[in-house]
Amino acid sequence: MSLAIVRSRAQIGVVSPLVTVEVHLSAGLPALALVGLPEAAVRESKERVRSAIINSGFEFPQRRITINLAPADLPKEGGRYDLAIAVGILVASKQLPAEQLDQLELIGELALSGELRGVTGVLPAAVACKRESRALWIPADNETEAALVQGLEIRKGSHLLDICAALKGEQPLPEVHAQVCQPTTRGSHHHDLADVKGQLNAKRALEIAAAGGHNLLMSGVPGSGKSMLAARLPTLLPTLSEDERLETAAIYSVAGMAVEAICAGIRPFRAPHHTASAAALVGGGSHPKPGEISLAHQGVLFLDELPEFSRKVLEVLREPLETGEILISRAARQTEYPARFQLIAAMNPCPCGYHGDRSGKCRCTPDQIRRYQDKLSGPLLDRIDLFVNVVALPPDTLLQLDQSENEASATVAERVTAALQRQHQRQGCRNAHLQAQQLDTICALTDETRQLLATAANKFGLSARACHRILKVARTLADLAGSEAVTDQHLLEALGFKDGLTRSPGASS
């Protein structure tokens, strides 16, 4: 009897628990039994592994083969265990030595020819493997994302024969060198804030949102520049830090999406269509996958035509906006994904879009306008920090404005970066993520300023959450101005943006 033990990694959300592949060969009629809660793709690995071993020039044992994927109560899915199973069979049948197996982990899917194919979720597996101080052998296709993890020995192969040669000591596998990603330019070179003519108030709101990580809602008639402004927000944001790149790339790795942009430090910018379902936004499925809010982690989630989204879809945003994470519960399992995103939304003031416009095109009745605005619930609006009304400029004014006088994204980004540095030095996070208990010290007010806020809260019926968000915006305004204290001027400007939706043509009371 022969027994081989090979280590691999499962994928549960952005966590990658250890899976021990145990292969036992015994006497009896030729058969292969695979146990340990394997799902369909794992059960089919028997045929892939058999063909890969034979086509690689090895002998497939004509004995009774039992393969156990431990722990037995952890569901296994995908083709990620193919390589570990194949190596286990070859070691158990004495065709490969077992000396190196204790110090390494194997992940990869096998083609019938024996070629190695990339799998999803290699980055979380690499992080977990580093904690165990083992080497990780992966398909060459997964080299880019695995290279994000520093301090880990990672080797790549393109064929089962490459792995076997390395285990025999005949030819070592090429090492994957950790890459220290160099920050790239912010956003796309096609987008620059200087392209937007006029709209000084909206640009100011965009700068504040970038400087403090605040949520922003823009209301205005069609063609006023809301989407154009939102697309330029990434050009104001700093590049992802090393920790942020690793955390965000892990989500993209699990989702099977390219991580090159994340590796370059570019913050995610997700803009789902308004027909997206709640599951598409928060994630889900029988095997929960990350949704748009998790793919926007450490970046921007842009929802254009906000009232056109289903109300059920919009309401699922409430908890992630507060907690920065989403827990997807299914009957068999629970999966948690990070979702610390910045919400930028745009809407029209009425169903036709022209309520309050100087052109007088709007023919919507008051009831139609009210129903349209009521699609946005009070609790959701309460979680938005900045409201701004984007007014369409007359054509003659638009054509006369000199674009060269507009501030470029790089200029505004310098002020944003300076403000963010002050926040991280002071509290270690953006102002939008301040906890309630931190506000008394970090956003301390004088008696006169506190009375001003209380008067505004009573006048506009602001909730405690809304007052806290006003304080955070005021703190960001102070940081942009380089001020240590939050003054009346900062608070008044913050109140102006909080009241923007109430006083704008597109807001509900």
Side-chain angles (χ1 to χ4, degrees), residues 193 199-219 229 233 236-238 321-322 342-344 381-391 407 409 411-504 507:
L193 202 60
Q199 304 298 358
L200 296 182
N201 194 43
K203 289 180 180 178
R204 175 64 170 170
L206 207 64
E207 179 180 347
I208 298 168
H214 302 291
N215 302 320
L216 168 66
L217 173 58
M218 295 178 285
S219 175
L229 284 160
L233 177 60
L236 308 182
L237 297 172
L321 281 171
E322 288 291 318
Q342 185 175 356
L343 176 63
I344 305 297
L381 293 176
D382 219 22
R383 288 166 167 82
I384 296 177
D385 308 321
L386 300 164
F387 299 88
V388 62
N389 186 34
V390 184
V391 180
E407 275 193 308
S409 290
T411 304
V412 180
E414 291 179 0
R415 296 197 296 268
V416 169
T417 300
L420 287 170
Q421 288 175 347
R422 294 187 186 98
Q423 294 164 35
H424 283 285
Q425 290 172 0
R426 183 178 59 236
Q427 74 248 4
C429 67
R430 294 183 179 184
N431 288 333
H433 305 154
L434 284 170
Q435 300 299 314
Q437 60 268 25
Q438 297 177 284
L439 296 178
D440 290 339
T441 54
I442 295 176
C443 305
L445 303 178
T446 63
D447 292 340
E448 293 78 7
T449 308
R450 189 178 294 106
Q451 183 58 44
L452 176 63
L453 178 58
T455 302
N458 291 328
K459 179 179 179 181
F460 298 114
L462 300 177
S463 67
R465 180 191 287 115
C467 290
H468 285 170
R469 291 186 176 275
I470 289 171
L471 283 175
K472 295 175 184 178
V473 173
R475 179 66 264 177
T476 299
L477 289 164
D479 290 334
L480 282 170
S483 172
E484 292 295 329
V486 177
T487 66
D488 290 1
Q489 179 182 355
H490 304 138
L491 186 62
L492 286 171
E493 187 175 0
L495 284 167
F497 283 113
K498 187 64 179 178
D499 189 37
L501 186 64
T502 304
R503 294 184 288 104
S504 73

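Small disclaimer: the values here were computed from a predicted structure and weren't measured.
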J.: To the nearest 0.5 Å, tell me how far Thr446 OG1 sits from Asp488 CG.
T.: 5.5 Å
J.: Less than 4.0 Å between a side-chain N and a carboxylate O, is that true for Arg204 and Glu493?
T.: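 Judged by the 4.0 Å cut-off on N to carboxylate O distance, Glu493 and Arg204 do form a salt bridge.
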J.: Measure across Gly213 and Ala432 and return the closest heavy-atom pair with its distance rounded to 0.1 Å.
T.: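 Reported closest heavy-atom pair: O-CB, 3.2 Å.
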J.: So, for Ser219 and Asn389, which heavy atoms are closest and what is the spacing to 0.1 Å?
T.: O-OD1, 2.8 Å
J.: Please report the interatomic distance CZ(Arg450) to CG(Asp447), rounded to the nearest 0.5 Å.
T.: 5.5 Å
J.: Please check if the side chain of Asn215 supplies one atom and the backbone of Arg383 the other of a donor-acceptor pair under 3.5 Å.
T.: yes
J.: Write down the atom of Leu233, the atom of Ala210, and the distance for their closest heavy-atom approach.
T.: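 Scanning both residues completely, I find the closest heavy atoms to be CD1-CB, 3.7 Å.
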J.: Less than 4.0 angstrom from a charged side-chain N to a carboxylate O is my criterion; do Arg469 and Glu322 meet it?
T.: yes
J.: Considering non-hydrogen atoms only, spot the tightest contact between His468 and Ala436 and give its length.
T.: CE1-CB, 4.0 Å
J.: Drop me the distance from Gln438's CD to Leu471's CG, to the nearest 0.5 angstrom.
T.: 13.0 Å
J.: Does Leu237 reach the side chain of Leu420, with side-chain heavy atoms less than 4.5 Å apart?
T.: no
J.: Between His424 and Gln421, is there a donor-acceptor pair closer than 3.5 Å when you use the side chain of the first and the backbone of the second?
T.: no
J.: Identify each donor-acceptor pair in which a side-chain atom of residues 474-486 lies under 3.5 Å from a protein atom, sequence neighbours left out, and give them as a table.
T.:
{"from": "Arg475", "atom 1": "NE", "to": "Asp479", "atom 2": "OD1", "distance (Å)": "3.4"}
{"from": "Arg475", "atom 1": "NH1", "to": "Ile442", "atom 2": "O", "distance (Å)": "3.3"}
{"from": "Arg475", "atom 1": "NH1", "to": "Glu484", "atom 2": "O", "distance (Å)": "3.0"}
{"from": "Arg475", "atom 1": "NH2", "to": "Asp479", "atom 2": "OD1", "distance (Å)": "3.1"}
{"from": "Arg475", "atom 1": "NH2", "to": "Ser483", "atom 2": "O", "distance (Å)": "2.7"}
{"from": "Thr476", "atom 1": "OG1", "to": "His214", "atom 2": "NE2", "distance (Å)": "2.6"}
{"from": "Thr476", "atom 1": "OG1", "to": "Asn431", "atom 2": "ND2", "distance (Å)": "3.0"}
{"from": "Thr476", "atom 1": "OG1", "to": "Lys472", "atom 2": "O", "distance (Å)": "3.2"}
{"from": "Asp479", "atom 1": "OD1", "to": "Arg426", "atom 2": "NH1", "distance (Å)": "3.0"}
{"from": "Asp479", "atom 1": "OD2", "to": "Arg426", "atom 2": "NH2", "distance (Å)": "2.9"}
{"from": "Asp479", "atom 1": "OD2", "to": "Asn431", "atom 2": "ND2", "distance (Å)": "2.9"}
{"from": "Ser483", "atom 1": "OG", "to": "Ala485", "atom 2": "N", "distance (Å)": "3.3"}
{"from": "Ser483", "atom 1": "OG", "to": "Ala485", "atom 2": "O", "distance (Å)": "2.7"}

J.: Between Ser409 (side chain) and Leu193 (backbone), is there a donor-acceptor pair under 3.5 Å?
T.: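 The answer is yes, because a donor-acceptor pair under 3.5 Å joins these two groups.
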J.: Give a yes or no on whether the backbone of Val412 and the side-chain of Glu207 come within a donor-acceptor separation of less than 3.5 Å.
T.: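 No, because the side chain of Glu207 does not come within donor-acceptor range (under 3.5 Å) of the backbone of Val412.
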J.: For residues Gln427 and Cys429, report the shortest heavy-atom separation together with the two atoms involved.
T.: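 Taking every non-hydrogen atom into account, NE2-O, 2.9 Å.
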J.: Taking Thr417 for the side chain and Glu414 for the main chain, is one N or O donor matched with an acceptor at less than 3.5 Å?
T.: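 No, the answer is negative, given that no donor and acceptor are paired below the 3.5 Å cut-off.
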J.: Compare all side-chain heavy atoms of Asp385 with those of Ile208 and state whether any distance is below 4.5 angstrom.
T.: no
J.: What residues form a side chain to side chain contact (heavy atoms under 4.5 Å, CB included) with Ala202, not counting sequence neighbours?
T.: Gln199, Leu229, Val388, Val390
J.: Decide side chain to side chain contact (heavy atoms under 4.5 Å, CB included) for Asn201 and Phe497; before the verdict, give the C-alpha distance in whole Å, the side-chain angles of both, and the deciding distance to 0.1 Å.
T.: CA-CA 9 Å; Asn201 194 43; Phe497 283 113; 3.6 Å; yes
J.: What closest approach, in Å, do Ile470 and Ala494 show between heavy atoms, and which atom pair accounts for it?
T.: O-CB, 3.7 Å
J.: Apply the test side chain to side chain contact (heavy atoms under 4.5 Å, CB included) to residues Leu492 and Gln489: give CA-CA distance (whole Å), side-chain angles for both, the deciding distance (0.1 Å), then the verdict.
T.: CA-CA 5 Å; Leu492 286 171; Gln489 179 182 355; 5.9 Å; no
